[in-house]
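Naming: A, B, ... by sequence-line order, numbering from 1 per chain.
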Protein chains: 2
Amino acid sequence: MAVDIREVARRSGVSPATASRALNAHPNVADATRARVLATARELGYQPNQQARALVRQRSDTVGLIWDTGYVRTHGRQSFLQDLLVALKMALAETGYHLMLLSPSSTAASPSDFVSIAAQHSLEGVALMAVNAHLPAVDALIASRRPCVGLDLPVRGARASYVSADNQQGTALAVEHLAGLGHRRIATITGGAGMMPGVERREGFSAAMAAAGLDVPPEYVAEGDFFLESGLAAMRRLLALPSPPTAVFAAGDLMAIGAVRAAEEAGLSVPRDVSVVGFDDIEPASLVHPGLTTVGQDYLAMGRAAVELLVQIIADPRVTGPRGGARRGPAPRLLPGRLVVRGTTAPPA
Amino acid sequence: MAVDIREVARRSGVSPATASRALNAHPNVADATRARVLATARELGYQPNQQARALVRQRSDTVGLIWDTGYVRTHGRQSFLQDLLVALKMALAETGYHLMLLSPSSTAASPSDFVSIAAQHSLEGVALMAVNAHLPAVDALIASRRPCVGLDLPVRGARASYVSADNQQGTALAVEHLAGLGHRRIATITGGAGMMPGVERREGFSAAMAAAGLDVPPEYVAEGDFFLESGLAAMRRLLALPSPPTAVFAAGDLMAIGAVRAAEEAGLSVPRDVSVVGFDDIEPASLVHPGLTTVGQDYLAMGRAAVELLVQIIADPRVTGPRGGARRGPAPRLLPGRLVVRGTTAPPA
DNA sequence: TTGTACGCGTTATCAT
DNA sequence: ATGATAACGCGTACAA
């Protein structure tokens with residue numbers, strides 16, 4: 001049914017080798033011959049078999065995505081990651097790569113042996129999302145020198161790097177906005193301690209507050225986990241404080257929305273009684289009322305950056321420096337956030 | 001670097017053929033031999049090359065997803081589709097299939113030749129999302145007899161079927177809820193005319209209204225396209241009517257949220273002055289204030305159903321009935337919706 | 001410039 | 001029960 005390269009060759013009156021060369025734009029083939037082969041190929045609707053191609057070329061024009069969606073069952077969706085996936089797909093499409101979704105749990109044999117998965121499919125690169133960066137399986141993957149790019153995940157290695165929001169800058173934007181409005185008692189609701197965005201935004205908050213000459217009492221740091229409920233709970237704790245904050249920076253929009261809800265439940269009005277700023281600018285941020293003031297990430301740009309980075313690492317000749325060169329891969333790409341002022345921030349009462 | 005089956009065979013003292021049989025649980029192999037092969041395979045960390053495997057077996061344990069995300073650039077994200085993708089991925093992972101994201105535009109040669117794409121990768125099945133079901137490329141794909149499953153897309157064929165919400169039932173739920181509250185002047189904001197959900201919910205609305213003994217004047221049908229802006233615009237038109245509706249059923253949550261916003265902009269209070277019901281129960285539905293009353297879809301169940309359907313079609317021996325049997329594939333799976341009552345519905349003033 | 005022959009890693013057929 | 005051998009479809013030394 002499917003027409004193979006030998007058929008094309010035969011109908012063109014050349015050998016399969018020549019046909020292959022013609023089709024793959026090799027230099028040493030007569031123009032007339034190439035034209036003839038290309039013509040019959042088009043005519044026959046020839047499409048090279050990717051399996052065979054990958055087998056002999058040892059590459060597959062495919063990158064894999066490792067994304068542990070286990071949290072969905074217990075906590076619900078995470079919009080930003082979904083947006084990111086779409087962006088990744090779109091950016092990848094333009095480069096000609098396909099994207100294969102691998103499930104850490106899909107290999108019954110070795111539950112999370114990313115190295116094997118990648119090798120089995122001759123993946124040219126791997127993108128990682130929402131997995132614990134400290135997993136041995138991730139270390140092993142990086143050590144295997146297969147091109148890797150982390151999305152909001154600090155993977156570094158000879159052929160690995162990552163993209164993420166510039167959390168320091170973004171957080172500073174939020175704090176400056178709040179301070180600029182006149183707030184001095186500013187608290188934060190943090191993301192999970194294990195995730196880079198959580199950690200960096202937590203640290204960025206302290207730094208930005210210090211830069212603004214503001215104090216951060218320990219009780220003004222309420223721990224959350226990026227999901228709605230944790231924002232609700234954290235805000236309740238903050239509001240119960242003897243000296244509650246007049247503004248809150250939440251490390252994620254979902255938590256910020258939870259915080260707003262908690263404030264309203266407590267009989268407060270946002271932003272009159274308390275201001276709230278989020279991070280990410282997920283779709284609901286513009287839909288809730290009042291609209292959430294937040295630090296927006298350009299997820300399409302982030303997807304593009306991730307692909308650029310990955311392509312760059314893939315293209316990089318695997319030159320091992322002296323002594324096997326434990327060289328670092330390209331520098332991470334930090335994408336600046338922009339402040340999106342909506343309706344949850346105002347000067348303190 | 002990677003260890004192949006011949007290495008395993010050699011170290012086990014058997015031929016590659018026997019090693020293959022042992023590893024693939026073939027019947028005719030001595031227990032002792034199998035044990036030995038399995039042991040050395042594990043010891044060596046042997047992982048079969050999927051390319052080679054797919055090449056010779058003519059199948060790849062991979063299903064493709066065709067999802068045209070072109071709309072993202074112009075209209076923005078569509079949460080429900082993203083949710084659906086996640087569900088698909090999760091369900092697929094449990095069956096051992098991998099999921100390959102194909103971009104209609106990723107093949108420079110033939111822009112949307114799904115048949116070729118599927119053939120090139122030996123895809124065992126293809127899932128379709130957000131593509132125009134009337135595209136010639138889709139017809140060709142179905143005609144190629146490659147197992148297909150549409151997600152909210154009415155693809156039918158010998159080896160093709162689809163899953164979708166039971167739009168008739170879901171819409172009836174919404175209308176009955178509204179009628180039960182005492183509303184009689186109920187309008188609808190429709191989805192795109194080209195998409196199945198839009199069409200079916202439009203028709204379901206008329207049917208449900210008729211069943212409730214209510215009239216639907218033509219001006220009570222405002223056309224939208226599932227995106228927020230269209231909901232806003234449609235609601236403005238409805239409210240400008242000489243005799244505006246007291247309740248509105250929007251075919252999608254985003255449009256419903258837009259409708260609520262338009263009502264508020266017009267100085268109306270929801271649900272006191274006008275009630276609004278949506279469809280899908282996307283994440284923002286529970287986040288907006290007041291919470292959106294809507295017809296909830298279980299997206300995880302839908303993903304599972306899609307995978308079950310696809311697996312069923314794949315497993316089905318391609319028995320062609322008499323005369324080449326243009327038999328229909330399995331019946332579509334319609335998933336019932338459930339009414340999620342939140343804060344945008346109340347009895348008419 | 002072109003053709004021959006081999007190998008990529010695996011499974012399937014047919015002997016034994 | 002096991003082993004040799006031949007595919008699967010393609011790219012690429014090497015020879016011509």
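For the pair B:V56 and B:A19, nearest-nucleotide mapping onto DNA chain D gives the more 5' position to B:A19. Each of B:V14 and B:A52 was matched to the nucleotide of DNA chain D holding its nearest heavy atom; the match closer to the 5' end belongs to B:V14. Projected onto DNA chain C by closest heavy-atom contact, A:P27 and A:P16 fall at different nucleotides, the more 5' of which corresponds to A:P27.
Backbone-only engagement by A:P48 is indicated by non-hydrogen atom pairs under 4.0 Å involving sugar-phosphate atoms exclusively. Residue contacts for A:A17: at a heavy-atom cut-off of 4.0 Å it reaches a base atom on one of the strands shown. Across all strands, A:N28 comes closer than 4.0 Å to base atoms (heavy-atom distances).
Between B:R77 and A:D83, at least one side-chain N (NZ, or NE/NH1/NH2) sits under 4.0 Å from a carboxylate O, which counts as a salt bridge. The pair A:E7-A:R11 meets the salt-bridge criterion, since a charged nitrogen lies less than 4.0 angstrom from a carboxylate oxygen.
Regarding B:Q58, its CD atom lies at a distance of 6 Å from the C1' atom of D:dC8, rounded to whole Å. For A:R10 and D:dG9, the CZ to P distance is 12 Å, given to the nearest whole Å. Atoms CG (A:L23) and P (C:dT2) sit 13 Å apart, rounded to a whole Å. Per the geometry, CD1 belonging to A:I5 stands 6 Å off P belonging to D:dC10, to the nearest Å. As a whole-Å value, the separation of B:Q50 CD from C:dG9 P is 14 Å. The interatomic distance linking B:R36 (CZ) with D:dT2 (C1') rounds to 11 Å, in whole Å. Look at CD on B:Q47: it is 15 Å from P on C:dG9, rounded to the nearest Å. With rounding to whole Å, A:R21 atom CZ is found 8 Å from C:dT1 atom C1'.
For C:dT11, one of the phosphate oxygens OP1 or OP2 lies less than 4.0 angstrom from a side-chain nitrogen or oxygen of B:R53. The side chain of B:N49 places no N or O atom within less than 4.0 Å of a non-bridging phosphate oxygen (OP1 or OP2) of C:dC8. When the side-chain nitrogen and oxygen atoms of A:S15 are compared with OP1 and OP2 of C:dT4, none of them lie within a distance under 4.0 Å. In this structure, A:T33 does not reach the C:dT1 phosphate: none of its side-chain N or O atoms is under 4.0 Å from OP1 or OP2. One finds a side-chain N or O of B:H26 lying less than 4.0 angstrom from the OP1 or OP2 phosphate oxygen of C:dA12.
Without hydrogens or angle criteria, A:R159 side chain to A:I313 main chain gives a donor-acceptor distance under 3.5 Å. In this structure, the side chain of B:E124 does not engage the main chain of B:V63 through any donor-acceptor pair within 3.5 Å.
Using a 4.5 Å cut-off on side-chain heavy atoms (C-beta onward), B:V115 and B:R146 make no contact.
Comparing C:dT11, C:dC8, D:dC14 by their nearest atom to the side chain of A:L55 picks out C:dC8. Which of C:dC8, C:dT2, C:dT11 sits closest to the side chain of B:R6 comes down to C:dC8. Of all nucleotides listed (D:dT2, C:dG9, C:dT1), C:dT1 comes nearest to the side chain of A:A30. Closest to the side chain of B:D4, out of D:dG11, C:dG9, D:dC10, is C:dG9. Minimum atom distance to the side chain of A:S20 is reached by D:dG11, of the listed D:dG11, C:dT1, C:dT11.
Residues B:N24 and B:R53 bring a donor and an acceptor atom of their side chains to less than 3.5 Å of each other.
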